[in-house]
Amino acid sequence: METRGWLFDLYPLGNRVVLWFITPEGRALRLEEDFPYTIYLGGAASRVRQVLQTLRARGWVSRYYPSRGLELASGKEIPVVALEPKTYGHLSRLRSWLGKLQGQVEVFNADLDVSAYYLYRRDLWPCTWYDLEVQEGRLLALAPREEQFARDFDPPPLTTLGLSLTRDPLIPLGAGNSLAITWEDRTLELEVRDRTGLVKEVARWLKKANPDLVLSDWGDEEIVPLLWHWSKESHLPLPLDREPGVVSRKFSGGRTYFSYGRIVYQGQAAPFFGRWHVDRKNSFFFREADLPGLMQIARLGQLPLQQAARASPGTLITSMQLARAVKDSILIPWRKADPERFKSAGELLTGDKGGLVFMPPIGLFFEVAELDFSSMYPTIMSRHNLSPETVNCRCCGEAEGYGGERAEGRGPSPHNSVPETGYRLCRRREGLVPRTLKPILKLREALKGAAREAGPEAAARYHQRQNALKWMLVTCFGYLGYKNARFGRIEAHEAVTAFGRDKLLTAKEICETAGFQVLHALTDCLWIKKEGMTEAELQVLCQEISAVTGVRMALEGVYRWLVFLPSRQNPARPVATRYFGVFRDGTLKVRGLLCRRRDPPPLVRRAQEALLTCLAAAATPEELAALKPELLKLSEGFRQRLREGGIPPGELVVTRVLSRTPAEFKVDTATALAVRQLAQAGISLRPGEKVRYVHREGKNGAPECRIRAAPFLEDLEDYDTRFYLNLLERAFAEIFTAVYGNHQGGNG
DNA sequence: TGCCAGTAAAG
DNA sequence: CTGCCTACTGGCA
């Protein structure tokens, strides 16, 4: 039978991969396909023979045969033995046994996710329409009806059931918290009188609605594990899955890890089988890019959507690289696992200098243009062929300057040598990283273009999708420098930043030659001005810089006025990353101010935003000066409200991310007090999770009374007026000091 | 006043 | 699938 279907979900089950398609009529279609997982063994033939004998004796492998594959580093084809585990269930045993053979044989393609490996091998991607050939529940053949990197796609309408909590997620379901179910624009609150009743009610809704998507808040961590547990306890069915077979469901607990210099917490996952469960509060990409973004990354990353939803940008870009490697017959090395070892201070200092920074002058400036390189690092990687296997490659010989004299000057650098470092780049092969990046860069440009031309609704969807791609591009650069990344290499990372500095410096010189004054420059942006400059002139400048550097330079905008802030520790010194201003079209751009941080109380954030919004109306020095009385009045209003008291606690909540476990705090900081308070109430938080609390009156009282942690704020009557006034003054000072000089008037 | 622990921003 | 550098605050000696 031939039909059409939109690839919706897939997962391994027993010996096969189960695939769910949505038909044009909106029906869910379940199909199975045989898919053997293939591991490759390389190295000395005698060793490999020994390993195969053992595996045969243990009965873990169904078959093996000689094969060939490309070695990443050399690009050469090498002989290997392909082996197929008997079932997916044998994979974990096989992996851990092979893992112990380090140094004896080389093991490739061993640690891939089964669903993802299936998609890479079959060259398929989710969230796409396919022509299907089907027989008795088996998938015989399929062909995509759309391109993987298509600018436009049309998903079928999906039925959605909402699931959330009625109160703060720290309050457990059934212990003060209730469940809310949303279906067809109506929300129903289910009180938890008895657990069985609740399970029955949820089961009834799932059966009745049979939703394609369950979109939840806190479903992964708080709702689904409890419901599942209760359903097992009471032997009641809970049809979370469409899969009729037996699926195993384990709740593993979340994971805390260190990324970009800070602690992150990723909650445990509670995916469904044959149905999507997306927890909005446990999905980086949903937050950044909504459902269209999730579909986009599932397609590009060739991951089941529920996995893509919970993945970090790093996992996504790695998946794209893995897919590329499988398609190109490159043997995939086992992931380097060295999780305990952090870089030492010495390692950090060597080599990597990062982005180039010029310090701005402090104060207020009028008519300043900002120029930004678009996607500078990814473009550099793609244009200059930067990849782990292309830096100082073996194949291009060492005669052409490798290790020799450094590239002098900053003119157009020799085609295959890296500025500053003397590294040499491969000319024969295009690297894995550039090959992965190129189509992403191209699609992102297409999406940005489409967003500019489309109506507001379609534009929002294009924008979400391009935003998802942005994060993958950014992370791709970071991963080059990460020692444990599968496709990382520190020299490649250094080369990217070296090219980056070179290009920014080139841009600065071009600006100066054209008679512009360069006020400030930061990694991939420039702030410049010239008496009587025109937009047309700036566009020409951008074109010249783009042509010379090979990276697109675009005019971010012309500021009517712009403020660079001084350091608070040393007011004579500027800070590179804190500024705000208003463009000619009246939009504000604010960086590094209090309102851009995630920790300040809503009241303080709103106060600063109110002042900024007021200032945005001014265009000239005169207008700016004329606004001062209004700003003073505004700020006095906020002070007044604080002093009067009676501000709801929610307005005063400070939000911080836990950096360590409660026991690890050496100092009684407010954050430490808050976690302890929660622990006393039986709520334990892990590093990377957020704590929220209000500062109370009486700083000198017992430590327990200095703060009150959320969610126990409902009966809180007092707050530390001095603390909040102080914070408010700081928010005002960031604006007043630079715009009007130090004098703030009022009682400031 | 200087130092340290703790926390967060922009790119 | 765990990539920094720098600015800043608050508490303590």
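Just so you know, these numbers use all the heavy atoms, side chains as well, and skip hydrogens, waters and symmetry mates. In what follows, every chain begins at residue 1, and chains take the letters A, B, ... in the order their sequences are listed.
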Once you round it to whole Å, what is the distance between [atom2] of [N] and [atom1] of [X]?
| X | N | atom1 | atom2 | value |
| --- | --- | --- | --- | --- |
| A:L504 | B:dA10 | CG | C1' | 14 Å |
| A:W527 | B:dA10 | CH2 | P | 12 Å |
| A:L673 | B:dA5 | CG | P | 18 Å |
| A:L522 | C:dA7 | CG | P | 12 Å |
| A:D599 | C:dT9 | CG | P | 12 Å |
| A:H520 | B:dG11 | NE2 | P | 9 Å |
| A:L565 | C:dC8 | CG | P | 9 Å |
| A:R660 | B:dG6 | CZ | C1' | 6 Å |

Which of the following nucleotides, [options], is nearest to the side chain of [X]?
| X | options | value |
| --- | --- | --- |
| A:T315 | B:dG11, C:dT9, C:dC1 | C:dC1 |
| A:T523 | B:dA8, B:dG11, C:dC1 | B:dG11 |
| A:D524 | C:dC8, B:dG11, B:dG6 | B:dG11 |
| A:V657 | C:dG10, B:dA8, B:dA10 | B:dA8 |
| A:R656 | C:dT9, C:dC8, B:dA8 | B:dA8 |

#### Entry: Ring center gap for A:H695 and A:Y719 short of 6.0 angstrom
no
### Message
Can you confirm if the aromatic rings of A:Y579 and A:W527 lie within a centre distance of less than 6.0 Å?
### Response
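For A:W527 and A:Y579, the ring centres are under 6.0 Å apart.
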For [N], does OP1 or OP2 lie under 4.0 Å from any side-chain N or O of [X]?
| X | N | answer |
| --- | --- | --- |
| A:T669 | B:dA5 | no |
| A:R591 | B:dG11 | yes |
| A:R598 | B:dA8 | yes |
| A:R578 | B:dG11 | no |
| A:Q569 | C:dA7 | no |
| A:R573 | C:dA7 | yes |
| A:R597 | C:dC8 | no |

Categorize [X] for me: base, sugar-phosphate, or nothing, with a 4.0 angstrom heavy-atom threshold over every strand shown.
| X | answer |
| --- | --- |
| A:T318 | base |
| A:T671 | sugar-phosphate |
| A:T256 | nothing |
| A:F665 | sugar-phosphate |
| A:Y265 | nothing |
| A:G592 | sugar-phosphate |

### Message
Counting C-beta onward and ignoring hydrogens, is there a side-chain heavy-atom pair between A:T506 and A:I545 closer than 4.5 Å?
### Response
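A:T506 vs A:I545: side chains apart.
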### Query
Does a side-chain heavy-atom distance below 4.5 Å link A:L473 with A:Y377?
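Of all side-chain heavy-atom pairs linking A:Y377 with A:L473, none is under 4.5 Å.
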### Message
Between A:Q569 and A:S567, is there a side-chain donor-acceptor contact under 3.5 Å, judged purely by atom types and distance?
### Response
no
### Message
Apply side-chain hydrogen bond (donor to acceptor under 3.5 Å, both in side chains) to residues A:Y423 and A:E494 and explain how you reach the verdict.
### Response
CA-CA 10 Å; A:Y423 296 154; A:E494 286 170 35; 2.8 Å; yes
